[in-house]
Amino acid sequence: MDKEIKNKLFLAPAAQLDLVKTFECGQCFRWEQDESSVYKGVAHGKALSIWRDGEGIFCDAPESDLSIWRNYLDLETDYDCPAAVFTEPEYLKTCAEYGKGIRILRQEPWEALCSFIISQCNNIPRIKQIIGTLCRLYGEKLDDGIYSFPDARTIAALSESELAPLRCGYRAPYILSAARAVCEGSLDFDALAAMPADDAFTELKRLQGVGSKVASCFMLYGLHRMDSFPIDTWMKKALDRHFPKDYDPAVLGSFAGLAQQYIFFYARTNEEW
DNA sequence: TTCCAGGACCGGG
DNA sequence: CCCGGTCATGGA
């Protein structure tokens, strides 16, 4: 592994960032592990290799990009205090312990919005496959042959037939109209980030193919609004089985979205259904 | 074959 | 407000 590495930059103690959990917990779809357990991905138009070595997490970024990646990986946020609140029901405590080391990535807004539009009524392997094709077809080729996520302007200029190779079915027009809304300025990410949650929610649901769940995911993963609590089929099942009737996730407070991620990850990977 | 996947939308009760 | 059908697609 060391032979080809041009750079080795320390990012964080391994106890603060579990790469496998963070990249495989369902919040993102573009980070892939190679044969030597190095994760490779892209954000802000930059390719990154990141890996664990002993008690540390390292990457190959130049030191001048350190703050970009620490921000993307949300390393400036304390997760121990909010996680310590997730004590009941007992199931939630179990989920929080199981998911320790997950960080909610600060993904780029357009990528998050587009990705979760694609995610609807779809399984994770196929979501990854569709997004991978989208990036290879219309993204920019970076180092290591990795492609960037195509920006909204690029997508907005496409036709529905140009999205046909994605095989994403009825979601294709949703992708196009969302891209056009972003380009025209009728959807403004900065404005959404500054709005009260209810207003941002209403604004997002005006988009075709964006309902409560996709809007919540975008708020959490694209705007890093940690109080957002997306409920999909897995969360429904987990809430139904392990939480009181009419349970209100708002009692989890401003980090409810983190609890949601712990639950989703545990329910999907470590629970029998 | 039917069911399901990080749903949304529309119609009718 | 909730309910059922419908919308592509592919894997189990």
Checklist line | Integer angstrom distance from the P of C/dG5 to that of B/dT2 | finding: 14 Å
Margin query: Rounding to an integer number of Å, can you tell me how far A/Met235 CE sits from B/dG7 P?
Written below: 13 Å
Next item on the list: Using a cut-off of strictly less than 4.0 Å, decide whether A/Arg167 has a side-chain nitrogen or oxygen near OP1 or OP2 of C/dG10.
Entry: yes
Notebook entry, point to check: What distance, rounded to whole Å, do you find between the two C1' atoms, one in B/dT1 and one in C/dA12?
Noted result: 12 Å
Notebook entry, point to check: Expressed as a whole number of Å, how far does the C1' atom of C/dA8 sit from that of B/dA5?
Noted result: 12 Å
Check: Between the base of C/dG11 and the side chain of A/Gln129, is there any donor-acceptor pair under 3.5 Å?
Finding: no
Margin query: Rounded to whole Å, how long is the line connecting atom CD of A/Gln27 with atom P of B/dG6?
Written below: 15 Å
Next item on the list: Rounded off to whole Å, could you give me the CD-to-C1' distance for the A/Gln107 and B/dG6 pair?
Entry: 13 Å
Checklist line | Interatomic distance, A/Ile117 CD1 vs B/dG7 C1' [rounded to whole Å] | finding: 12 Å
Check: Quick one: A/Tyr170 OH to B/dA5 P, roughly how many Å, whole number?
Finding: 13 Å
Next item on the list: Report yes if the ring of A/Phe264 lies under 5.5 Å from the six-membered base ring of B/dG6 with planes under 30°, and no otherwise.
Entry: yes
Checklist line | Parallel, tilted or perpendicular: rings of A/Phe116 and A/Tyr221 (30°, 60°) | finding: parallel
Check: Would you say the ring centroid of A/Phe149 lies under 6.0 angstrom from that of A/Phe29?
Finding: no
Checklist line | Residues A/Glu24 and A/Lys128 bridged, charged N to O under 4.0 Å | finding: yes
Check: So what does A/Gly209 hit on the nucleic acid, given a heavy-atom distance under 4.0 Å: a base, only sugar-phosphate, or nothing?
Finding: sugar-phosphate
Check: Would A/Phe86 and A/Phe255 count as a close aromatic pair, with their ring centres under 6.0 Å?
Finding: no
Checklist line | Pair A/Asp80 + A/Lys100, salt bridge at N-O below 4.0 Å | finding: yes
Note to self: By the 4.0 Å heavy-atom rule, please label A/Ile118 as base, sugar-phosphate, or nothing.
What the structure shows: nothing
Next item on the list: Please check the phosphate of B/dG7 (OP1 and OP2 only) for any side-chain N or O of A/Thr233 closer than 4.0 Å.
Entry: yes
Margin query: What I want to check is whether an N or O donor and acceptor connect the side chain of A/Tyr174 with the base of B/dG7 at under 3.5 Å.
Written below: no
Margin query: What's the gap between C/dG4 and B/dC3 when it is taken at their P atoms, as a whole Å value?
Written below: 14 Å
Checklist line | Nearest-nucleotide pick for A/Cys121, side chain only, options being B/dG6, B/dA5, B/dA8 | finding: B/dA5
Notebook entry, point to check: Think A/Arg126 has a side-chain N or O under 4.0 angstrom from the OP1 or OP2 of B/dA5?
Noted result: no
Next item on the list: Would you mind reading off the distance between A/Phe116 atom CZ and B/dA8 atom C1', rounded to a whole angstrom?
Entry: 16 Å
Checklist line | Check: A/Tyr98 ring centroid to A/Tyr91 ring centroid under 6.0 Å | finding: no
Next item on the list: Would you classify A/Tyr221 as touching base, sugar-phosphate or nothing, given that sugar-phosphate means primed atoms plus P, OP1 and OP2, and contacts are heavy atoms under 4.0 Å?
Entry: base
Checklist line | Euclidean distance, atom CZ of residue A/Arg171 to atom P of B/dA8 [Å, nearest integer] | finding: 11 Å
Item checked: Distance in angstrom units between A/Ile175 CD1 and B/dA8 C1', rounded -> 14 Å
Check: Relative to the 5' end of DNA chain B, which residue comes earlier, A/Val214 or A/Lys237, by the nucleotide with the nearest heavy atom?
Finding: A/Lys237
Next item on the list: Specify the residue among A/Gln208 and A/Asn122 whose closest nucleotide of DNA chain B lies further upstream toward the 5′ end.
Entry: A/Asn122
